Structures are given as structure tokens and as C-alpha cells.
Q: 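Below: one structure in C-alpha cells.
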Amino acid sequence: MLLTFFKINLTTILSVFFCSLLSSGIHGLSSNGNNDFGKVTDSLIAIADDYYQNGDYQLAIVKYRKALKLDAKDSISIFKKLAYCYVKTGEPHLASEHIEKYITTSLDVAFVSHSTFNKINDSKAYKRVADKYKKKTSVWTTLCLCIGFMGFFIGIILNFRKRSDRIANRLMSAFVLLHSLFIVHLYLILTNTQYYFPHTLYFSTAFTFLYGPLIYFYFKRIKSRYIFKIQDVLHLVPSILLIILLFPKYILPAQVKLDVLINNDVPYLKLISVAKLITLYFYGFLIIKIYSKSEKNKLDKVCIIKRRWQRSIVVFCLSYLVLYTISTILVLQSINNDVLFHFKIVSMVLLVLYVSYTAFVQPSIFGYVSIDDTNIVDTITILQQEPKQGTLHHRYQNSGLTDSLSLELKERLLYLLDHEKIYRQNDITLQKLSELLDTTRHNTSQVINEHFNLNFFDLINTYRIREAKKLLRKQVNHEHPNIIDIVYEVGFNNKVTFYRSFKKYTKLTPSKYVKSHQE
């Protein structure tokens, strides 16, 4: 019994002794044992390097893998050498696997293009890795880049249109520039160029929430001459918040951004996608509301070219909204769909192409302010008279003036009359008006006759009398209205011609017109 007791205690003492010895050994290893591990792995790597140099690739692979199991510090270098070894042993799948491991750890994207891998170019595994990291180009991506730069050019040109609604043009310019920026960003993604320019991370994301407000205010401007108010700044709040959210990402070093791109660890992707979808639906509803309201107004159909333009923009926006909705659902489900992704690009490319085409083929859409409903009603009411039978259109049967150009010239003419008030010039002639319209005397005369059922002098005098009536109404409270000043202000050369024209259009003399309003 006593012997047994001593045996148990002896065992316990020995166990404690060995445990303390082991712990001290481990402690010693932690202090200087790392150097021993380092020496072991270094020696393994050195042996593996020798095998590699001598062409013994299988033995080199064994030693490299052992070094990895020992958690070698230089694992990045081992991934690189294993990739080379597997190429030499004819194992493209394993070579491709270690190529990707090397790239994700070292962030050396150019490694995938090393000449050593030419031997495995035809393998599916290598093609997958090369497609992911190697610079590539195609007709489609080149076309996207060209259209992106074309959009930049058009966006800038729109700001220099003369006699235009600059606010509307700047809104459309910003809308096109954002689309172009996004297309160029997509080019960088599709061609893997983003890995070589890591600062393009979130390149166009900061402007994500501006698409809706820009096109919404554009429609408000061209439909109702909307003047911006202080509270409209609220529409920029989502964009400001997004910039604040992304700012820490923008100031990251290039290497950190590259790590984010390579490891596909892009934060906030789902959050931004859902938020953008909500804003697109909100502004889409507002745009359709504005457009539908103008659709019900039949008088607005006078501006056929502009209505066709507005309808096309609405169609493009709705198409993009549908595609983006499907895309967001797939993103939330973590499903990648390249076909849908390219359809989204196509919708943006077509929009930029359409705006570019319109800017050159139908410049009046951007070059002149569209006429609002009030002006149309006023102008049509005053100007439209019964045509003289058989004389109006017979004269222009063989004219080379197309319908679209005729409508364009009409809108330019209305702009000159309603906004430039050229009728106030007492020396205005058909020739001068033709020069302002950048067309011939014959075309100008035809446009006036066909659209207003008047000749040049009647059109000018009609506008002069309309202006005179406004000025006379302002002098209703005066006992002796200053008519002579009004005569010259509206463009007449003498009082006699003014009186004759005024009575022709109003059936009253100027004095009686003022008196009738006083009564």
C-alpha cells in the first residue's frame, strides 16, 4: 500500500517536472525558437530551389509544400515557385490555382501574363484566371470607350449652345457626362484595367444618386421654365451622404484599394444598389407624371420634334429602370448575370448615342428654348387666320424645305420673336431675319406663310401690336398715356403706320383702346 502511494506520487512529480520542462522549452522556443523554425523552412526552401534549378520539379514541389505546412513566412514566394513547378510538370489546374493564390496575396496582377504560362494557355483553368486578371480588349469594350469619350465631348458642347436655355442644357449635359463616366468605368472593369489603376475604385459611385434629380429637373425646366429654389438642395442630400460614406475609401492607399478589387471585397455594394433603385423609382414616377400631364395637353403637340425627343428620353430611362431592378434582385441573391450586366451597358450606350445624334442632326432641341403652353396658346390665338384660298401651299409645292426643317425653323422663329423680341428692331427685314435663322429668304417666307398664314410684315406687325397693347394697358391709370414713346419702343418708325396697324388688328385707335380699359 505504501509502495503504491510512493509510485503514484513519483509519477505525479515526474509529470510535473516534464510539464515544466516542456513549458520552459516552449517558452524558449517562443523567444528564440522562431529562428529555429525560420532556419528549418529556409533550409527546405533552399533545398526545393536546388531541386527546381536541377529540373527535379516533383521533389521541389514536395519540399515547397512542406515549407507551407510549417507556415513559412515567405509563403508568397512559395506560391509563385509552385505555379512555375506545376507548369513544368504539366499540371495546369494546380498551376492556375497557385497563380491565383500568388496574385491574391502579393497583389501582383501582372504575374498572370508571365511568359512561363504560355505553355498552359489552352487550359480551361488558366483561361479562367487569365480572364479574371489579364488585360483584355474586344470590339465591344473599345466601342464602349469611344462612346464614353463621345459623351464627354457632347456633354461639354451642350454648354456652349447659343440662344439656349442654359439651365436645361447644363442639366442634360451633366446627365450625359455621368452616363459617359459610368461607361468609361465599366470599360475599366470589363478590360481588367482597374487592377492597374486601383484609384478607380468607386470611380463613378459617388454620383449614383444624381441620375434621378438631373433628369427630373431637366423635364421640369423644359416643360414649365422651372426656377430653382433653395429647398431643391434637398435632392442632393443622398449624394452628399454617399460621398461622406465613401470618403474613407477614396483616401485609402493604392495597395489597399487593389486588395479590395482583387479579393472582390467591395463594401456597401448591396446597400448602394437598393438605395439607388429606390431613388430611380421615386424620380421615375415624378418624370412620368410631368410627361403624362403634357401628353394630355393637345396644344403641346405643336412642338413635334421636342415631344419626340422627350418621349425617347422617357423610354430610355424606363428601360434602364427595368434592367436595374432585375440586376439589383440578382445582386441581393448573390447571382452574377453577365448578359443582364451587358444589357444595362447597352441601354446607357444607346442613350449617349441618341443624345449625340440629336445634338448634331436636330440642334434646335438644345440650341433654342422650347415654347411653353402659354406662349403657344397666345401666339396661335393672335396669329392664326384663315388662309387665302389656293395661294398658300401651291407656291411651295416644289420647295426643297423638309417638314422637319420647317418645324425647326418655326421654333427658331418663335424663339427670336418671343425671347429675342426682334420685332422691336425698326429696321428688321426678311433678309435680316433669314440671316438670323441661318436659312434662305425663300425658306423663311415659306415657314411664315405655312405656319402662321401671314406674310413677313403682318407677322412682325402682329407682334408689335401685341407688345403695344401690353404697354398701353400699363398706362391705363395715366390721364395722358405716352403713346409716341410706345410707337418707337415696339419697332414702328412713325405714328401714322402704328395707328393704321393698331386699328387693323384691334378695330380701335390706341386712345380708344386705353379708354375702353379705363372704363
Side-chain angles (χ1 to χ4, degrees), residues 76 100-112 131-136 141 144-145 148-149 151-152 155 174-214 233-280 282-283 320 323-325 327-338 340-341 344-345 348:
I76 295 175
E100 189 155 17
K101 284 182 178 179
Y102 174 77
I103 291 173
T104 54
T105 52
S106 70
L107 306 181
D108 181 12
V109 183
F111 180 64
V112 74
D131 186 64
K132 190 175 180 181
Y133 298 109
K134 201 172 185 179
K135 280 185 180 180
K136 55 186 178 180
T141 55
C144 284
L145 183 63
F149 282 114
F152 286 132
F175 187 68
V176 173
L177 286 172
L178 285 187
H179 272 80
S180 302
L181 184 68
F182 194 66
I183 291 170
V184 172
H185 192 185
L186 289 174
Y187 166 83
L188 297 176
I189 295 172
L190 292 172
T191 59
N192 294 329
T193 310
Q194 61 174 346
Y195 297 128
Y196 302 88
F197 299 97
H199 284 300
T200 57
L201 177 67
Y202 290 125
F203 184 46
S204 59
T205 311
F207 310 107
T208 297
F209 299 140
L210 286 178
Y211 292 98
L214 284 173
V233 177
L234 292 174
H235 291 270
L236 299 177
V237 170
S239 296
I240 294 169
L241 292 176
L242 181 58
I243 291 171
I244 294 171
L245 180 68
L246 295 178
F247 184 74
K249 305 299 177 186
Y250 284 123
I251 61 176
L252 289 173
Q255 285 296 103
V256 178
K257 289 182 179 179
L258 184 57
D259 183 47
V260 171
L261 291 169
I262 289 176
N263 292 290
N264 200 26
D265 186 24
V266 181
Y268 314 128
L269 177 62
K270 292 182 179 180
L271 174 64
I272 293 172
S273 297
V274 172
K276 179 180 178 179
L277 185 63
I278 293 170
T279 60
L280 287 177
F282 174 71
Y283 286 106
Y320 180 77
L323 292 171
Y324 194 82
T325 301
S327 175
T328 303
I329 293 171
L330 294 178
V331 167
L332 294 175
Q333 298 294 325
S334 299
I335 300 172
N336 292 324
N337 190 304
D338 290 339
L340 186 64
F341 179 71
K344 276 170 55 180
I345 302 174
M348 288 185 287

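All of these numbers come straight from a predicted model, not from anything done at the bench.
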Q: Tell me every residue that passes ring-ring contact (aromatic ring centres under 6.0 Å, His included) with Y187, counting only those two or more places apart in sequence or in another chain.
A: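 Testing Y187 for ring-ring contact (aromatic ring centres under 6.0 Å, His included), a comparison that skips the adjacent residues, returns none.
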Q: Does F247 CZ have over 12 foreign heavy atoms under 6.0 Å away?
A: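 Incorrect, the count does not exceed 12.
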Q: Do any side-chain atoms of residues 204-212 form donor-acceptor pairs under 3.5 angstrom with protein atoms, and if so which ones, sequence neighbours left out?
A:
| from | atom 1 | to | atom 2 | distance (Å) |
| --- | --- | --- | --- | --- |
| S204 | OG | H185 | ND1 | 2.9 |
| T208 | OG1 | T205 | O | 2.5 |

Q: Partners of F111 by ring-ring contact (aromatic ring centres under 6.0 Å, His included), sequence neighbours excluded?
A: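 If we apply the ring-ring contact (aromatic ring centres under 6.0 Å, His included) test to F111, skipping adjacent residues, the hits are Y84, Y102, F117.
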Q: Taking all atoms of both residues into account, what is the closest heavy-atom pair of S273 and V331, and its distance?
A: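 So the two residues come closest at OG-CG1, 4.4 Å.
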Q: Is there a side-chain contact between Y283 and L214 in this structure, where contact means two heavy atoms from C-beta onward sitting under 4.5 Å apart?
A: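 With C-beta onward as the side chain, the pair stays apart.
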Q: Once rounded to the nearest 0.5 Å, what's the spacing between atom CG of L188 and atom OH of Y195?
A: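 One gets 12.0 Å once the value is rounded to the nearest 0.5 Å.
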Q: Could I get the full list of salt bridge (Lys or Arg N to Asp or Glu O under 4.0 Å) partners for K132, not counting sequence neighbours?
A: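 Listed in chain order: E100.
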Q: When rounded to the nearest 0.5 angstrom, what is the spacing between OG1 in T141 and CD1 in I345?
A: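 So the gap between those two atoms works out to 10.0 Å.
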Q: Partners of L330 by side chain to side chain contact (heavy atoms under 4.5 Å, CB included), sequence neighbours excluded?
A: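 Residues passing side chain to side chain contact (heavy atoms under 4.5 Å, CB included) with L330: I326, I335, N337, L340.
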Q: Closest approach of S106 and I76, non-hydrogen atoms and distance?
A: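 Distance-wise, the nearest heavy atoms are CB-CG2, 3.5 Å.
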Q: Within the structure provided, determine whether L201 and Y250 are in side-chain contact (heavy-atom separation under 4.5 Å).
A: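 The answer is no, as the side chains (C-beta and beyond) never meet within the 4.5 Å cut-off.
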Q: Please report the closest heavy-atom contact between S180 and G148, naming both atoms and the distance.
A: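 That closest heavy-atom pairing would be CB-O, 3.2 Å.
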Q: More than 12 foreign heavy atoms under 6.0 Å from CZ of F197: is that the case here?
A: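 Counting neighbours around CZ of F197, 12 or fewer heavy atoms of other residues, nucleotides or ligands fall under 6.0 Å, so no.
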Q: In chain order, what residues pass the side-chain hydrogen bond (donor to acceptor under 3.5 Å, both in side chains) check against K135, with sequence neighbours excluded?
A: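 K135 satisfies side-chain hydrogen bond (donor to acceptor under 3.5 Å, both in side chains) with no other residue.
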Q: Could you tell me whether the side chain of D259 reaches within less than 4.5 Å of the side chain of V256, counting heavy atoms only?
A: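 Of all side-chain heavy-atom pairs linking D259 with V256, none is under 4.5 Å.
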Q: What residues form a side chain to side chain contact (heavy atoms under 4.5 Å, CB included) with Y268, not counting sequence neighbours?
A: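 Only Y202, L245, L246, K249, I272 meet the side chain to side chain contact (heavy atoms under 4.5 Å, CB included) criterion with Y268.
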Q: Can you sort out the partners of Q194 under side-chain hydrogen bond (donor to acceptor under 3.5 Å, both in side chains), two or more places apart, ordered by chain and number?
A: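 In terms of side-chain hydrogen bond (donor to acceptor under 3.5 Å, both in side chains), with neighbours along the sequence ignored, Q194 is linked to no residue.
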Q: With rounding to the nearest 0.5 angstrom, report the CG to CG distance, N263 to L107.
A: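 It comes to 7.5 Å.
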Q: Give, for atom CG of L145 and atom CG of L186, the distance between the pair rounded to the nearest 0.5 Å.
A: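 Separation between the atoms: 11.5 Å.
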Q: Is any side-chain heavy atom of T193 closer than 4.5 Å to a side-chain heavy atom of T200?
A: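 In short, these two side chains do not touch, never coming nearer than 4.5 Å.
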Q: Taking all non-hydrogen atoms of both residues into account, name the closest pair between A254 and P198 and its distance.
A: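 Scanning both residues completely, I find the closest heavy atoms to be O-CB, 3.5 Å.
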Q: Listed by chain and number, what are the salt bridge (Lys or Arg N to Asp or Glu O under 4.0 Å) partners of D131, not counting sequence neighbours?
A: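 Salt bridge (Lys or Arg N to Asp or Glu O under 4.0 Å) list for D131, sorted by chain: K136.
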Q: I need the K344 NZ to Y324 OH distance, nearest 0.5 Å.
A: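 Reported value, rounded in 0.5 Å steps: 5.5 Å.
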Q: side-chain hydrogen bond (donor to acceptor under 3.5 Å, both in side chains) with K134: which residues, sequence neighbours excluded?
A: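 Scan of K134 (side-chain hydrogen bond (donor to acceptor under 3.5 Å, both in side chains), adjacent residues dropped) gives none.
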Q: For the CD1 atom of I262 and the CG atom of D108, what is their distance to the nearest 0.5 Å?
A: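 So the gap between those two atoms works out to 8.5 Å.
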Q: Which residues pass the side chain to side chain contact (heavy atoms under 4.5 Å, CB included) test with I329, sequence neighbours left out?
A: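 Side chain to side chain contact (heavy atoms under 4.5 Å, CB included) list for I329, sorted by chain: T325.
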Q: Could you work out, with side chain to side chain contact (heavy atoms under 4.5 Å, CB included) as the rule, every residue matching K101, not counting sequence neighbours?
A: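 Listed in chain order: F79, E97, H98.
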